[in-house]
Amino acid sequence: MSQRYKIPRGTYDILPQDSYRRQFLMDVFRKTADLYNYREIVTPMFESADLFERSVGDTSDIVQKEMYVFEDRKQRRFALRPEGTAPVVRSYVENGMQVSRLYYMGAMFRYDRPQKGRYRQFYQYGVEAIGSAHPYIDAEVIAMAVHYLEALGLKDFRLEINSVGGPASADAYNQALKDYYKPHVDELCGDCKNRLEKNPRRLLDCKVPSCKVFAKDAPVMLDYLDPEALQCFEKVKSYLDELGIEYTVNPQIVRGLDYYTDTAFEILDDSLGAQNALLGGGRYNGLVEQIGGKDAPGIGFAGGFERLELSMEKNGLSFGDEPHPEVFLVAMGEAAEIQTVKICNRLRHAGIPTDFDIEKGSFKSQMKAANKSGADIAIIIGEDEVANNTLTIKDMRQGTQETIPADEINERIEKIRERS
RNA sequence: GUGGCUGUAGUUCAGUUGGUAGAGCACAGGAUUGUGGCUCCUGGCGUCGUGGGUUCAAAUCCCAUCAGCCACCCCA
């Protein structure tokens, strides 16, 4: 026997019987983005590794231990994209785009240990609004995220926002944290000892009880914001209030990507388990310039479809209807088979989803197939029908049927469609 | 990268102190030779995740490995 192959770790197949669910999530996202006048952008699944190292940050976990890096045949270093913002900004710069409101959907890749809501290849939806620093845009982007979740029927999520300020306030705050934690270095866990030097903000997130004790009284980020950032944050909040969007300010939100400035936010669903972030985002006012473009502010968010599905299942929400044929043809005998092929073709070209099973032998098993297909209508074509140039139309829901002249088929189908 | 639990038919799982495998669902056919859904009947040799070890004998015990789930971590 030949080798049986297995799907790579941390990946999954979307099987045909489930694909309409993902399609539904994508359709609703597109419709929501249309409402806000955002346009889709599609970028490659891989980019220069360097792009992510510089933007996401080479001290971040994503770059340090989760990125799929490879060389091509000419020794160029590439990475499977671990996130969507850097590629979109790269395209924005490369194509000389002006003020842009963009959305995207697609696979992202991170080498991580799989668990509930976490995969190595996962699918994200996201938006980026580049070119405006107006605080309304912050609120609009957040509003769109909330709008999308509500359009799916979700309710049990909460929005948390924060501001991490610009580079100046970030430096001041990092210094304050270092000063605060320094006297307690010996009491911190190993991870936190490293964090103290590299990224003191992460200390606030530590789950180790002995470290948590200190987090409670640690300096608060908002106290170190420069006046401009603080004012901006206030405005974002008031726009959210005007839009009727509920939120809580959580000064401890720490986003794991280095390019974030000012507004940062997350939408969480606590019923999801350990991976409870439905989506997250924030401003990145220095990123465009850093990637080589003319200085321009930006803000965006990204979320994972997998977690959306978990949350929707948990709440028993609908993913729309599973596709099925409207008409299923049942043929008896060779002459009927040719008729069936022709009628099927005609119905399909008339825009009516139609099918039949050419493999099935007995009448009975064809009827079973018709039933299983979910079709509303079965059209039976047997020897009698061929001889008399008629068709038997059966309403599968009611169980009623009628034999009609073959050329009345379209109007009869129309009638039954109207009823259902 | 670390830890815990698990790995038997397409699927969900059972398998008693080691004696080389079973059920529900699904699927297929039939009861009803031109009528589905309900009911009943019939149909399962499946590398017992993989490799090695202990034993007269391993799905069952031991080791390794791979995979899944959950948690740490990180985040979507």
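Just so it is clear: chains get the letters A, B, ... in the order the sequence lines come, proteins before strands, and each one is counted from 1.
Contacts of A:Ser60 with the nucleic acid, taken as non-hydrogen atoms under 4.0 Å apart, are absent. Contacts of A:Ile62 with the nucleic acid, taken as non-hydrogen atoms under 4.0 Å apart, are absent. Within the 4.0 angstrom heavy-atom criterion, base atoms lie near A:Tyr119. Within 4.0 Å of A:Arg307, counting heavy atoms only, lies at least one base atom of the nucleic acid. Heavy atoms of A:Gly273 sit under 4.0 angstrom from primed sugar atoms or phosphate atoms, though from no base atom. Within 4.0 Å of A:Glu83, counting heavy atoms only, lies no atom of the nucleic acid at all. Residue A:Gly10 is in sugar-phosphate contact alone, with no base atom involved, counting any heavy-atom pair closer than 4.0 Å across all strands shown. Within 4.0 Å (heavy atoms only), A:Met108 reaches no atom of the nucleic acid at all. A:Ala370 comes within contact range of no nucleotide atom at all, as no heavy-atom separation falls under 4.0 Å. A:Asn276 comes within 4.0 angstrom of a base, heavy atoms only.
Using cut-offs of 30° and 60° on the angle between ring planes, the pair A:Phe319 and A:Phe24 is perpendicular.
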Q.
Using side-chain hydrogen bond (donor to acceptor under 3.5 Å, both in side chains), reason through A:Tyr92 and A:Glu128 one step at a time and then give a plain yes or no.
A. CA-CA 10 Å; A:Tyr92 170 92; A:Glu128 310 294 348; over 6 Å; no
(Q) Pair A:Arg110, A:Lys65 - check side-chain contact (heavy atoms from CB on, under 4.5 Å), show working. (A) CA-CA 9 Å; A:Arg110 291 183 205 171; A:Lys65 43 190 201 193; over 6 Å; no
Q | Verdict with supporting geometry, A:Leu308 and A:Tyr125, side-chain contact (heavy atoms from CB on, under 4.5 Å) | A | CA-CA 11 Å; A:Leu308 234 36; A:Tyr125 53 90; 3.5 Å; yes
**Q.** Criterion side-chain contact (heavy atoms from CB on, under 4.5 Å) on A:Tyr247 and A:Phe265, from CA distance to verdict
**A.** CA-CA 10 Å; A:Tyr247 60 85; A:Phe265 62 95; over 6 Å; no
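Taking atom CD of A:Glu266 as the reference point, atom P of B:C74 lies 12 Å away to the nearest angstrom. As a whole-Å value, the separation of A:Leu279 CG from B:C74 C1' is 17 Å. Counting to the nearest Å, the P atom of B:G30 and the CD atom of A:Gln366 are 12 Å from each other. Atoms CD (A:Gln17) and C1' (B:A26) sit 12 Å apart, rounded to a whole Å. For the pair A:Tyr125 OH and B:C75 C1', the interatomic distance rounds to 13 Å; values are reported in whole Å. For A:Phe265 and B:A76, the CZ to C1' distance is 13 Å, given to the nearest whole Å. Atom CD1 in A:Ile253 sits roughly 15 Å away from atom P in B:C74 (whole-Å rounding).
Under 3.5 Å, the side chain of A:Gln401 and the base of B:U35 form at least one donor-acceptor pair of N or O atoms. Contact annotation: side chain of A:Arg118 to base of B:C73, donor-acceptor pair present below 3.5 Å. Taking 3.5 Å as the limit, the base of B:G34 and the side chain of A:Glu385 contain a donor-acceptor pair of atoms between them. At a cut-off of 3.5 angstrom, the base of B:G36 holds at least one donor-acceptor pair with the side chain of A:Lys394. A donor-acceptor contact under 3.5 Å is not formed by the side chain of A:Lys364 with the base of B:U35. Taking only distance into account, the side chain of A:Arg113 never meets the base of B:C70 through a donor-acceptor pair shorter than 3.5 Å.
With values rounded to the nearest 0.5 angstrom, A:Ile358 atom CD1 is found 9.5 Å from A:Cys344 atom SG. To the nearest 0.5 angstrom, A:Ile299 atom CD1 is 8.5 Å from A:Thr261 atom OG1.
Looking only at distances, a side-chain donor or acceptor of A:Arg118 sits under 3.5 Å from a matching main-chain atom of A:Arg113.
Distance noted for atom C1' between B:A31 and B:C38: 14 Å (whole Å). Remark: the separation of the P atoms in B:C5 and B:G19 is 25 Å, to the nearest Å. Look at the P atom in both B:C63 and B:G7: the space between them is 16 Å, to the nearest Å. Taking atom P in both B:A58 and B:C48, the straight-line distance is 12 Å, to the nearest Å. Rounded to the nearest Å, the gap between the P atom of B:U8 and that of B:G1 is 25 Å. Rounded to whole Å, the separation between the P atoms of B:U60 and B:U42 comes to 33 Å. A gap of 15 Å separates the P atoms of B:A67 and B:U50, to the nearest Å. With both ends at atom P, the span from B:C62 to B:U17 equals 14 Å, rounded to whole Å.
Applying the 5.5 angstrom centroid cut-off and the 30 degree plane-angle cut-off, the aromatic ring of A:Phe305 is not stacked upon the base of B:A76.
Ranking B:G34, B:C74, B:G68 by closeness to the A:Asp384 side chain, first place goes to B:G34. Nearest to the side chain of A:Asn371, among B:C74, B:C70, B:G37, sits B:G37. Looking at the side chain of A:Arg9, the nearest of the listed nucleotides B:A76, B:A67, B:G36 is B:A67. Checking B:G36, B:U35, B:C75 against every side-chain atom of A:Thr392, the shortest atom distance belongs to B:U35. With B:C74, B:C70, B:U35 as the candidates, the nucleotide lying closest to the side chain of A:Gln115 is B:C70. Listed nucleotides B:U35, B:C74, B:C69 differ in distance to A:Pro114; the shortest reach to its side chain belongs to B:C69. Nearest to the side chain of A:Lys65, among B:U35, B:C73, B:A76, sits B:C73.
Sparse packing is recorded around OH of A:Tyr111, with 12 or fewer heavy atoms of other residues, nucleotides or ligands lying under 6.0 Å away.
Taking a cutoff of 4.0 Å between a charged side-chain nitrogen and a carboxylate oxygen, A:Asp138 and A:Arg283 qualify as a salt bridge. The pair A:Glu309-A:Arg22 meets the salt-bridge criterion, with a side-chain N (NZ, NE, NH1 or NH2) lying under 4.0 Å from an Asp/Glu carboxylate O. Between A:Arg77 and A:Asp50 no salt bridge is recorded (no basic side-chain N to carboxylate O distance below 4.0 Å).
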(Q) Expected output check: what is the dot-bracket annotation of RNA chain B, where ( ) and [ ] are pairs inside the strand (brackets for crossing ones), | is paired with another strand, and pairs are Watson-Crick or G-U under 3.5 Å? (A) (((((((..((((.....[..)))).(((((.......))))).....(((((..]....))))))))))))....
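For A:Phe305 and A:Phe29, the ring centers are positioned 6.0 Å apart or more.
Of the side-chain N and O atoms in A:Lys116, none sit less than 4.0 angstrom from OP1 or OP2 of B:A76.
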(Q) What does the B/S/- profile of nucleotides 39-44 of chain B look like, 5' to 3', with a 4.0 Å heavy-atom cutoff to protein? (A) ------
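Judged by the 6.0 Å and 45° rule, A:Arg101 forms no cation-pi pair with A:Tyr36.
Taking for each of A:Asp61 and A:Met396 the nucleotide of RNA chain B with the nearest heavy atom, the 5'-most of the two is the partner of A:Met396.
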